[in-house]
Amino acid sequence: QVQLLESGGGLVQAGSSLRLSCAASGRTFSRYRMGWFRQAPGKEREFVSVITSSGARTDYADSVKGRFTISRDNAKNTVYLQMNSLKPEDTAVYYCTAGQVGGQAMGTWDYWGQGTQVTVSS
């Protein structure tokens, strides 16, 4: 069992930066792929980014590529999402997720956090 707790969300202006953190419980954190999804009001939850268990490989949605960076610290059981050049369309609840497979589809993930709100004003 893995429990995930996101933090770092908030209200910022367009063009600003935020760093989200996700702290994971348990001793098996380093075995899991970690990811971030987001859900805007009235929209489906969508893939944002994934990082492999070792941190060697990452992937991003086209909408955030070049602006967002995912990273992880296995010694701290934490994954991060650095978000730069934020846009109003980035406004959403951001969810941290962990999984053995972990791809762009929600069904490939095993555990989810409660989410953290990010609001970007224009």
Side-chain angles (χ1 to χ4, degrees):
Q1 189 78 4
V2 175
Q3 293 185 327
L4 304 172
L5 181 63
E6 303 96 335
S7 62
L11 171 63
V12 297
Q13 291 187 332
S16 299
S17 298
L18 275 177
R19 188 177 80 156
L20 305 183
S21 299
C22 173
S25 65
R27 301 178 182 178
T28 59
F29 175 79
S30 62
R31 298 180 187 177
Y32 289 95
R33 288 188 162 212
M34 299 298 297
W36 290 94
F37 280 68
R38 67 186 183 185
Q39 188 166 17
K43 296 187 177 181
E44 294 186 351
R45 195 171 299 188
E46 65 176 4
F47 168 79
V48 174
S49 184
V50 59
I51 188 167
T52 55
S53 57
S54 68
R57 294 196 305 271
T58 59
D59 191 22
Y60 299 91
D62 287 343
S63 59
V64 307
K65 203 169 289 184
R67 299 187 298 122
F68 291 10
T69 303
I70 190 171
S71 62
R72 65 189 297 161
D73 185 338
N74 285 346
K76 296 182 177 180
N77 281 14
T78 302
V79 63
Y80 305 97
L81 186 68
Q82 178 67 44
M83 305 186 296
N84 298 330
S85 302
L86 282 162
K87 304 175 181 180
E89 51 263 45
D90 294 319
T91 295
V93 177
Y94 283 72
Y95 296 91
C96 176
T97 184
Q100 297 283 2
V101 176
Q104 295 194 8
M106 285 183 58
T108 60
W109 296 91
D110 304 312
Y111 304 100
W112 294 86
Q114 294 298 308
T116 186
Q117 177 71 47
V118 172
T119 303
V120 185
S121 63
S122 57

Is there side-chain contact between R31 and S53, with heavy atoms separated by less than 4.5 Å? no
Partners of S30 by side chain to side chain contact (heavy atoms under 4.5 Å, CB included), sequence neighbours excluded? N74
At what distance, to the nearest 0.5 angstrom, does CD of Q3 lie from SG of C22? 11.5 Å
Go through the structure and list residues passing salt bridge (Lys or Arg N to Asp or Glu O under 4.0 Å) with K65, not counting sequence neighbours. D62
If you apply the rule side-chain contact (heavy atoms from CB on, under 4.5 Å), what do you find for W109 with V50, and how did you get there? CA-CA 11 Å; W109 296 91; V50 59; 3.4 Å; yes
Who pairs with E89 by side chain to side chain contact (heavy atoms under 4.5 Å, CB included), at least two apart in sequence or on another chain? K87
Residues in side chain to side chain contact (heavy atoms under 4.5 Å, CB included) contact with A105, at least two apart in sequence or another chain: T108
Applying salt bridge (Lys or Arg N to Asp or Glu O under 4.0 Å) to R38 and not counting sequence neighbours gives E46, D90
Indicate yes or no for a side-chain donor-acceptor contact from E6 to the backbone of Q114 under 3.5 Å, with no hydrogens or angles considered. yes
Indicate yes or no for a side-chain donor-acceptor contact from R57 to the backbone of T52 under 3.5 Å, with no hydrogens or angles considered. no
How is the hydrophobic cluster of W36 composed, in terms of its other members, when Ile, Leu, Val, Met, Phe, Trp and Tyr link through side-chain heavy atoms under 4.5 Å apart, directly or indirectly? V2, L4, V12, L18, L20, F29, Y32, M34, V48, I51, Y60, V64, F68, I70, V79, L81, M83, L86, Y94, Y111, V118, V120
Hey, are the side chains of M106 and Y95 touching, using non-hydrogen atoms and a 4.5 Å cut-off? no
Shortest non-hydrogen contact from K43 toward Q39: O-NE2, 3.1 Å
Of all heavy-atom pairs between S85 and S17, which one has the smallest distance, and what is that distance? N-OG, 4.3 Å
Applying side-chain contact (heavy atoms from CB on, under 4.5 Å) to T91 and Q117, what does each step give before you reach the verdict? CA-CA 8 Å; T91 295; Q117 177 71 47; 4.0 Å; yes
Measure the CZ-OG distance between R72 and S21 for me, rounded to the nearest 0.5 Å. 13.5 Å
Taking every non-hydrogen atom, the tightest pair across K76 and T78: O-OG1, 2.8 Å
Please check this pair: side chain of S49 against backbone of D59, looking for a donor-acceptor N/O pair closer than 3.5 Å. yes
Hey, could you give me the OG1/OH distance between T69 and Y80, rounded to the nearest 0.5 Å? 14.0 Å
Minimum heavy-atom distance between S122 and A14, given as atom pair plus value: CA-CB, 4.4 Å
